[in-house]
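All heavy atoms count here, side chains included; hydrogens, waters and symmetry mates do not. Below, chains carry the letters A, B, ... as their sequence lines are ordered, and counting in each starts from 1.
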Number of protein chains: 2
Amino acid sequence: MRKKTIEDYVELVYNLQKGKKIVHTNDIASALSINPASVTEIFQKLSEEGYINYEKYIGATLTKKGRTLAVKTKKKHNKITEFLILLGVDKEIAETDACEMEHILHPDTMDTIIKFVEVIKKCEITPFWLNRLKEYTKTGKLPKCPPELYQICTKYSKK
Amino acid sequence: MRKKTIEDYVELVYNLQKGKKIVHTNDIASALSINPASVTEIFQKLSEEGYINYEKYIGATLTKKGRTLAVKTKKKHNKITEFLILLGVDKEIAETDACEMEHILHPDTMDTIIKFVEVIKKCEITPFWLNRLKEYTKTGKLPKCPPELYQICTKYSKK
DNA sequence: CCAAATTTTTAGGTATGCCTAAAAATATAT
DNA sequence: ATATATTTTTAGGCATACCTAAAAATTTGG
């Protein structure tokens, strides 16, 4: 398994903190199937670096810095998931791949993906286009583009 | 830096082996800016697991198993790069992001990306569509879709 | 062909991220 | 209220992926 990043932990603390005030060692340990003792070490590190307020035997809460990072990370995560689902990737797989991708993508790539999703959602001809992608993914065949459509597209592309 | 995988090393050996018979410890060491001693350890591991033929003080060549993995990995790499460039990501950034993505993407996601690239390249209206994406990425504005085009698309989508 | 320079390996060290076992603190139940 | 159960921490261990220094093998130049 990939080494977990600070982002991973902060995001997890954020998710677990929903509705509760404090996240306990054990919450993280069982969420990740690791030993509570390891979480103690992680908490100590996150605390040193200013992402959480941590008190021995009590638990942890995100600092402002931690919450900011968590929210940013979650946003990336959601955008990537949405992107992959739009392309036709299965929801669950999109979710796990997004979880990996969010850590590695260059900000420019991230921006491109965000724009892509927006255009997909705004552009009127996208549904047609996506249908063709699905069709091709399923059958391996791409139906011929209606000639009148092709004509219009080339006309407008030249502008 | 992310932990390097067997795929990384095998792909690198493959690239360095181009035109030479044998890859030396030092080739890898300087390519990755790590110590030659570390490469010795890596070679020992790769050899144990059957990816390279390795002889002390001589160097390494890929086995059939190693070459197969290298080619497969390179193909993934190239497809992802192509995909990102199509979306509008800068060539260099596409390259480095692809290098990370190739290790983590689920095979289904990989397939989807491959199909996507194929459709992008085959579908006659794609250039029009991509123009709009570029336009939107640059200006933040999406020009209104010509009504006649919209009509045709919705007509054909319903089929 | 052999001495010097270069390359590669060996041996041992460091940092990290996890582990287990046991000690310490906290929570619960009668 | 205190004994018992639970949770958390401490202390020490293991594996891995890198490192450095020095030994060993190979290559090169006169």
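Spacing between atom OH of A:Tyr54 and atom P of C:dA25 amounts to 13 Å, rounded to whole angstrom units. Between A:Ile22 atom CD1 and D:dT8 atom P the separation is 11 Å, expressed in whole Å. A straight line from NZ of A:Lys56 to P of D:dT9 spans 8 Å, rounded to a whole angstrom. Regarding A:Glu41, its CD atom lies at a distance of 10 Å from the P atom of D:dT10, rounded to whole Å. When rounded to the nearest whole Å, the span between CD of A:Gln44 and P of C:dG17 equals 13 Å. Protein atom NE2 of A:His24 is 11 Å distant from nucleotide atom C1' of D:dT8, rounded to whole Å. In this structure, B:Lys45 atom NZ and C:dT9 atom P are separated by 16 Å, rounded to whole Å. Across the protein-nucleic acid pair, A:Lys3 atom NZ and D:dA15 atom C1' stand 15 Å apart, rounded to whole Å.
The ring-ring contact (aromatic ring centres under 6.0 Å, His included) test with A:Phe43 is passed by exactly one of A:Tyr51, A:Tyr54, A:Tyr9, A:Tyr57: A:Tyr54.
Counting any heavy atom pair closer than 4.0 Å across all strands shown, A:Ser38 reaches a base atom. Residue A:Phe43 is classed as having no contact, given no heavy-atom separation below 4.0 Å to the nucleic acid. A:Asn35 comes within 4.0 angstrom of a nucleotide base, judged by non-hydrogen atoms across all strands. Heavy atoms of A:Thr25 sit under 4.0 angstrom from primed sugar atoms or phosphate atoms, though from no base atom.
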Inset, instruction - Quick one: do A:Lys21 and A:Thr61 satisfy side-chain contact (heavy atoms from CB on, under 4.5 Å)? Show the steps, please. - result: CA-CA 7 Å; A:Lys21 292 212 190 67; A:Thr61 56; 5.6 Å; no

Inset, instruction - Mind running side chain to side chain donor-acceptor pair (under 3.5 Å) on A:Thr81 and A:Asn78 for me, showing each step along the way? - result: CA-CA 5 Å; A:Thr81 308; A:Asn78 291 339; 5.1 Å; no

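Residue whose closest nucleotide on DNA chain C sits further toward the 5' end, between A:Ile58 and A:Ile42: A:Ile42.
The side chain of B:Tyr9 lies closest to D:dC18 when the candidates are D:dA24, D:dC18, C:dA24.
Under 4.0 angstrom from either OP1 or OP2 of C:dT8 there lies at least one side-chain N or O belonging to B:Asn26.
Ring centroids of A:Tyr136 and A:Trp129 are separated by 6.0 Å or more, keeping the two rings apart.
Residues B:His106 and A:Thr96 fail the side-chain proximity criterion, which asks for heavy atoms closer than 4.5 Å.
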